[in-house]
There are 2 protein chains.
Amino acid sequence: MDCEELSEKCLAVYQASLELIAEQGFHGTPMSQIAKKAGVGVGSIYRYFKDKDDLIHGVHAQADRKMMEALVSVHIAGSSEKDQFYALVTSLTKHLMENPLEFRFLEQYYNSPYGTEKKREKFFEEMPSDEKTSPFLSLLKGDSFKDLPLPVLHALAFGPLIFSLRDHLSGIQLLDDNLIDNLAEGCWDAVRKS
Amino acid sequence: MDCEELSEKCLAVYQASLELIAEQGFHGTPMSQIAKKAGVGVGSIYRYFKDKDDLIHGVHAQADRKMMEALVSVHIAGSSEKDQFYALVTSLTKHLMENPLEFRFLEQYYNSPYGTEKKREKFFEEMPSDEKTSPFLSLLKGDSFKDLPLPVLHALAFGPLIFSLRDHLSGIQLLDDNLIDNLAEGCWDAVRKS
DNA sequence: GGATGCGGAGCGAACGTTCATTCCGGAGGT
DNA sequence: ACCTCCGGAATGAACGTTCGCTCCGCATCC
């Protein structure tokens, strides 16, 4: 379940699962294939994970954490809210562009029964306790932004990224630095107090 | 494959597939369950569809068509581009809110190997021939909008909707008429020429 | 040599798909 | 008007395959 980062084999399982599931989907990747790609026996996977669902949730948790870390590392407190917003949007986009497997996995996860279930419980548990939430959410409470519910602002700021990333990965519309900037500008226009 | 709308049993299979897959995912819904819910024998499904993949693509095509129809029926040629934009965003949002099964299905479809494959072939075949594409795409070519590649405008206009719909369906942020209007306004700010 | 971590053959269950059979409505003969 | 026959639609038990998962023997270390 946890795979307390001591085992390299466990990491290999994580990586293999990520790659295979991102490309073939949950039901398209049997445990046997994961084991083979990770270079371990099937049985060994069950040493670290209770079952396949547990593995999938684990892979999600890791991908999610990596994404958060990419965001936190960029956050510069000194600059204006607009600059902070641009920096966050840009670095999130680039992170997902550089880690397409993570992106594909997360998208599949959140749009499957796994994700909707998880999203709910996360939302309701995070409200009272966890204060180190996404840098985005705390930024969006600033004065520069429209007076709308946070999830709506979140949607206006994030939604376009997801969409464009999909287009980028499927080759329909490749993103470059210039386009990412245009995107960030559009998102900014959408959320800023006019 | 086609199920030329003469058979009510075929429609029952469509409906059952839509409901079950939307809630349980592709790999969570066996053919036997679909057959039972549709009130037909398992074998009968294979009279209309080559195999399970064919069924899934068929359900997608139908849901996609319904969405297009909802959009086309609203398009009012006389009004300003801004009003047209608002009308389209609003009616698309409402259509998906009123048909959550379609929304969940489509989201799963587009984020699975089924969808990415389909999206690609659709994009490359539609460029030369099909001129009755989404009313959105033709609208976005208008003068009121930023001079950006169409997929990017598309993302700015649509992305937030998808995100908010997800929140709505999972109960995190319920949408009402007012919020939908705010959303449309945000999307408009994102894509309009400043 | 005992304890521990690992591998992969093997298990039962469940899947997608098939096919021998049944069912049903209407055409045709009497 | 009735019975007979027939073709295709519908069926679901059965099939082969594949899945997730377990179990047990082997390797490796202390």
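Reminder, nothing fancy here: chain letters follow the sequence lines and each chain counts from 1.
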For this session: Let me know, please, whether A:Ser44 or B:Val40 comes out on the 5' side of the other along DNA chain D by nearest nucleotide.
Result: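 The answer here is B:Val40.
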
[N] [atom2] sits how many Å from [X] [atom1], rounded?
X	N	atom1	atom2	answer
B:His27	D:dT18	NE2	C1'	14 Å
B:Met31	D:dA13	CE	C1'	17 Å
A:Ile45	D:dG20	CD1	P	10 Å
A:Lys52	D:dG20	NZ	C1'	8 Å
B:Lys50	C:dT18	NZ	P	9 Å
B:Ile34	C:dT17	CD1	P	11 Å
B:Ile21	C:dC15	CD1	P	14 Å
A:Asp51	D:dC19	CG	P	17 Å

Exercise. Does a side-chain N-to-carboxylate-O contact under 4.0 Å join B:Arg192 and B:Asp143?
Worked result: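 Salt bridge: no.
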
Exercise. Salt bridge or not for B:Glu23 and B:Arg104, using N-O below 4.0 Å?
Worked result: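 No, this pair does not count.
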
For this session: Ignoring backbone atoms, test whether B:Arg47 places a side-chain nitrogen or oxygen under 4.0 Å from the OP1 or OP2 oxygen of D:dA9.
Result: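 Affirmative; the distance criterion is met.
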
Exercise. Does B:Tyr46 make a side-chain N or O approach to OP1 or OP2 of D:dT11 shorter than 4.0 Å?
Worked result: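 Looking at the OP1 and OP2 atoms of D:dT11, neither is under 4.0 Å from any side-chain N or O of B:Tyr46.
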
Exercise. Taking the side chain of A:Pro30 as heavy atoms from C-beta outward, which of D:dC21, D:dG20, D:dG12 is closest to it?
Worked result: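 That would be D:dG20.
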
Problem set entry | Minimum-distance nucleotide (side-chain atoms of B:Lys9 versus D:dG12, D:dA10, C:dC6) |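 Side chain of B:Lys9 sits closest to D:dA10.
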
Problem set entry | Spatial distance of atom CG (A:Leu156) from atom CZ (A:Phe145) [nearest 0.5 Å] |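 A:Leu156 CG to A:Phe145 CZ: 11.5 Å, rounded to 0.5 Å.
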
Exercise. What's the shortest heavy-atom distance between B:Leu92 and B:Phe158, and which atoms?
Worked result: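 Nearest pair, atom of B:Leu92 first, then B:Phe158: CD2-CE2, 3.0 Å.
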
